[in-house]
There are 2 protein chains.
Amino acid sequence: MPENTLPLEPGEWEISPEKSKPLYQQLKDVLAGQIKNGILKADDRLPSEKELCAMYNVSRITVRQALAELTREGLIYRSHGKGTFVARPRIQQELVRVTPFEETLRSKGLEPSTKYLGASFIPADYHLATVLAIPISTDVMRMELLGLGNNEPMVYYLSYFAGELGQKLCDLARELSQQRVAFSTFDLYEKAGIPAPAMLTQSFEAIAARREQARILGVKQGEPLLLVTSLVYTAEGRPVEYKQAAYRGDKYSFYITRPVNQGKRL
Amino acid sequence: MPENTLPLEPGEWEISPEKSKPLYQQLKDVLAGQIKNGILKADDRLPSEKELCAMYNVSRITVRQALAELTREGLIYRSHGKGTFVARPRIQQELVRVTPFEETLRSKGLEPSTKYLGASFIPADYHLATVLAIPISTDVMRMELLGLGNNEPMVYYLSYFAGELGQKLCDLARELSQQRVAFSTFDLYEKAGIPAPAMLTQSFEAIAARREQARILGVKQGEPLLLVTSLVYTAEGRPVEYKQAAYRGDKYSFYITRPVNQGKRL
DNA sequence: ATGCTAGTCTTGTTATGACAACAAGGCTGC
DNA sequence: GCAGCCTTGTTGTCATAACAAGACTAGCAT
């Protein structure tokens, strides 16, 4: 009777231990692919864990690990005693996703690019030293970037890097800028071979453009700007970058997808 | 030689199967407690999985499930071949956390409250119908709220609810407002016994206050406002609420903690 | 001294098996 | 007819076991 369980024939998507990738990863990719391709549609019921075990000839632990990750990523939802179902397609992407600068612009048909404005070493003042967890007066790299869409200024970045990585990132930024490609500071980490940042805190404020900001962004003084202040951490929880980004209010909006944090007050 | 492994004597935190709560939950709570209380400090090494198994007399699966969740929540980080370590304390909280309205105000020493401005049923226009995934002209509940700090307007909420839950939430809001307590629409869900929302998408923009908004918030026209547009989903991915919140730029900033999404472009 | 290797620690992956808890439909006894 | 039980199917929890793979060290060979 429970024939809403579609068979999703294997064979094509045979998963095998020789592929070097973990089995649960392969299974996860297969299922994610079927969901993204519409073979499995919203609210469809997936095969039960036992069926998946048989179909792909893996153990239940493997199946559960794959399903757990898909659940965490919001592609499926599970219901104790009933089964596993495909979530509505709208929020498939990663569980937490912030649309990056380039993508936002491209989606609006604008050509993104990034301009290197300059960089220098400065001694950390009290505030910088506190947020970056370093001693006062330590040298930090201060870097200014300008993000453009169709060569029109969109956002002004002001970044501070702790430690010796500032120089490396700064050189890279200058280089990439000359190639007229768009990049963010996260791209720099990757290219510099630095362990990727894992966590960040951000605050969003609406401010009125001050004279200097207005000049750089090409707007009138007092125009609304979206000021995003970020603090970037490594996986170990060490702060590595403090960044302020001032977006033109009339041109840009910040977009984010995230799970609701149930009123877990501290 | 590896004596940085502190013993964290059990006995006090004996975990037992009779407690009804799952073992991995109990273990997770114990470890989280030790981290929060400073018994385990930043970058301390936790006992290995095998040691934890022996100490608490549970299987490795249980230990791994506890550690996996703690990792996901950002309290610890793991390194293949080396061990498990306590993350820096700054970002302990939930992995993704948005500081809620009341908390933000209280931290600034302001007394939060929420005022019910009104509500009515209106037929959904094209935009509303699209985002809420309902047919055009379906009735939706439109509710206006005002968030105040020390009785000064801070934020203007405009919410739209799909389906029949609008009336319930609206009645609740009117009631709570008379009790002069602060609440958010999420509190309403809980109190109304509606399955809690699981996911939301938000966009942040800086806008200039229009006349009506300026009047309600008590600011001059053209002043910068932080406009946060949210779309709230259930676990199944069904949209249930569309909300616009306009915050006074000079009084409020939005704060968020989240993992970095590695350039996983779609 | 340098470099390689073997051994031993760690976490990561996977299998097998069992029972608990929840959901839903069908059956039985009233 | 209907309440309550029982069976079946599902996901959730937990135990035991084995091997893989990264990290580190001590010791051996060059």
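- A salt bridge links A/Arg78 to A/Glu49: one of the charged nitrogens lies within less than 4.0 Å of a carboxylate oxygen.
- Atom CD in A/Glu49 sits roughly 20 Å away from atom P in D/dT8 (whole-Å rounding).
- Among the nucleotides D/dT11, C/dT11, C/dT14, the one closest to the side chain of A/Pro22 is C/dT14.
- For the pair A/Arg45 CZ and C/dA24 C1', the computed distance is 12 Å after rounding to whole Å.
- B/His80 has its NE2 atom 14 Å from the C1' atom of C/dT8, to the nearest Å.
- Of the two residues near DNA chain C, B/Ile61 and B/Leu67, the one whose nearest nucleotide lies more 5' is B/Leu67.
- We find the CG-CD1 distance between B/Leu128 and B/Ile134 to be 7.0 Å, quoted to the nearest 0.5 Å.
- Of the candidate nucleotides D/dC14, D/dA23, C/dA15, D/dA23 has the atom lying nearest to any side-chain atom of B/Lys82.
- Aromatic ring pairs are classed by plane angle as parallel below 30°, tilted from 30° to 60° and perpendicular above 60°; the pair A/Phe204 and A/Phe254 is perpendicular.
- In this structure, B/Phe85 places its CZ atom 12 Å from P of D/dA23, rounding to the nearest Å.
- As a whole-Å value, the separation of A/Lys50 NZ from C/dT16 P is 14 Å.
- With rounding to whole Å, A/Asn57 atom CG is found 8 Å from C/dA15 atom P.
- Between A/Thr84 and D/dT11 there is a side-chain N or O to OP1 or OP2 distance below 4.0 Å.
- A salt bridge links A/Asp43 and B/Arg238; the closest N-O separation between the charged side-chain nitrogens and carboxylate oxygens is under 4.0 Å.
- Close to C/dA15, at under 4.0 Å from its OP1 or OP2, lies a side-chain N or O of A/Ser59.
- Residue B/Tyr56 contributes atom OH, which lies 20 Å from atom P of D/dT13 at whole-angstrom precision.
- Between B/Gln26 atom CD and D/dT13 atom P there is a gap of 12 Å when expressed in whole angstrom units.
- The nucleotide whose nearest atom lies closest to any side-chain atom of A/Thr62 is, among C/dT14, D/dA15, D/dT11, C/dT14.
- At D/dT11, none of the side-chain N or O atoms of A/Arg64 fall inside 4.0 Å of OP1 or OP2 (strictly under the cut-off).
- How far CZ of B/Phe161 is from NZ of B/Lys243: 7.5 Å, rounded to the nearest 0.5 Å.
- Distances from the side chain of A/Arg60 to the nucleotides D/dG12, C/dT13, C/dA15 place D/dG12 closest.
- Considering only the side chain of A/Tyr24, C/dT13 comes nearest among C/dT10, C/dT13, D/dC14.
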